[in-house]
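Indexing begins at 1, ligand by ligand and atom by atom, following the structure's order. Source: prediction; values computed, not measured.
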Amino acid sequence: MTQKKIGRQLVNIYLILFLTISITFAGEPQKPVNVILFIGDGMGMAQVYAAYTANHGFLNMFRCPYTGFSLTYPDSGYITDSGAGATAIACGVKTYNGAIGMNKDSLPCKTILEWAEDKGLSTGLVATSTITHATPASFIAHQKSRDDYEAIALDFLKTDIDVFIGGGSDHFMKRSDSINLLQQLKQKGYNVYLKPKSMQEVQGGKAAVFTADMHNPPVNEGRGSMLPDATEAAIRLLSKNPKGFFLMVEGSQIDWGGHSNDADYLVSEIIDLDHAIGKAFEFAEKNANTLIIITADHETGGMAVTEGNISEGTYQIKFTSINHTGIMVPVFAYGPGAENFTGVFENTALFDKIAKLLNISILCK
Ligand code: MG
Ligand code: ZN
């Protein structure tokens, strides 16, 4: 081979190397730094469509370009409760009804919030029920029964959650063991707020915000914009961490409207949750490294939309049950990694997908 030929060969090798590296990096799927997970408790497809109709044909959640379905059945049985449903999403394991952050053998399972905390991300929970209720509790507590509210409240102190906002101060300060957990939260460095007039007041470091003694009232009975405001405040505090954050926001009372077969109640609660989703979109539009996921733990009420008028915002519905049903629920996703949330998958896959996107390697569940 002549000198010239060797030179050309080398140029070719360099070119191929350069092209391979560029293609590899260009093809690298985008990963989020921040994850905001919305759970509409009891929010099935009919509930979403009634809210879309009532809201004259607009929902923020429909801005998500990727959609899928989540299979909600628990470990043993066909119909999940909110404990097993949220634990499946939080820990990636199917478990028994009533479990809070526990696997089917009643052993604690590490939650995505705890994994995120270990990774140095900031973490938060927001709910319109008590913050100790099954859905938020399953992301932070480990109890055999969802009814052990005082034990669940104690579990909050065993973590380093950065922000939590919801009802339920009674479970922290009016306890059968007379321990004042608000005092302990302050000692741990939390700014503690009891029924703040405005979420603008809320400042971190760490913030524990109680908006009611027990559950907050329904949105149409005096709760006002608590949920969107709390979502905005949580994002404001959590986003100070350049390593990112994980936030779960629950529309807790959609389920209660379903149980009482009260369509106006559940529809108003979904529209309220959708306003909170709007706050997340406002943030994600300015912070492109943010993944938004919206889903439910199960459907409640066996609801159908039988008639309606989108321009007038009117609808007629029928319920077939006062309990949860087994039907799969929708998943909406927006932002880097959102393309992973398509198709039909187990509710536990929500954990697997989020963990993978946050570069959390799960050795065992
Ligand atoms: Mg709930
Ligand atoms: Zn329920």
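Ring geometry for Phe164 versus Phe210: interplanar angle over 60°, hence perpendicular rather than tilted (30 to 60°). Classification of the Phe156-Phe172 ring pair by plane angle, with boundaries at 30° and 60°, yields perpendicular.
Side-chain N/O atoms of Thr135 and Asp41 include a donor and acceptor closer than 3.5 Å.
At a threshold of 2.8 Å, the Mg ion (ligand 1) has no backbone or side-chain N, O or S atom of Ser129 nearer than that distance. In summary, an N, O or S atom of Asp255 is located under 2.8 Å from the Zn ion (ligand 2). Metal site remark for the Zn ion (ligand 2): His298 contributes no N, O or S atom at a distance under 2.8 Å.
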Test side chain to side chain contact (heavy atoms under 4.5 Å, CB included) on His275 and Ser225 and set out the steps.
CA-CA 9 Å; His275 290 154; Ser225 59; over 6 Å; no
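Closest to the Mg ion (ligand 1) among the N, O or S atoms of Glu250 is OE2. The atom name of the N/O/S atom in Asp41 closest to the Mg ion (ligand 1) is OD2. The nearest N/O/S atom of His259 to the Zn ion (ligand 2) is NE2.
Cation-pi geometry between Lys206 and Tyr190 is met: the NZ or CZ atom falls under 6.0 Å from the ring centre, inside 45° of the normal.
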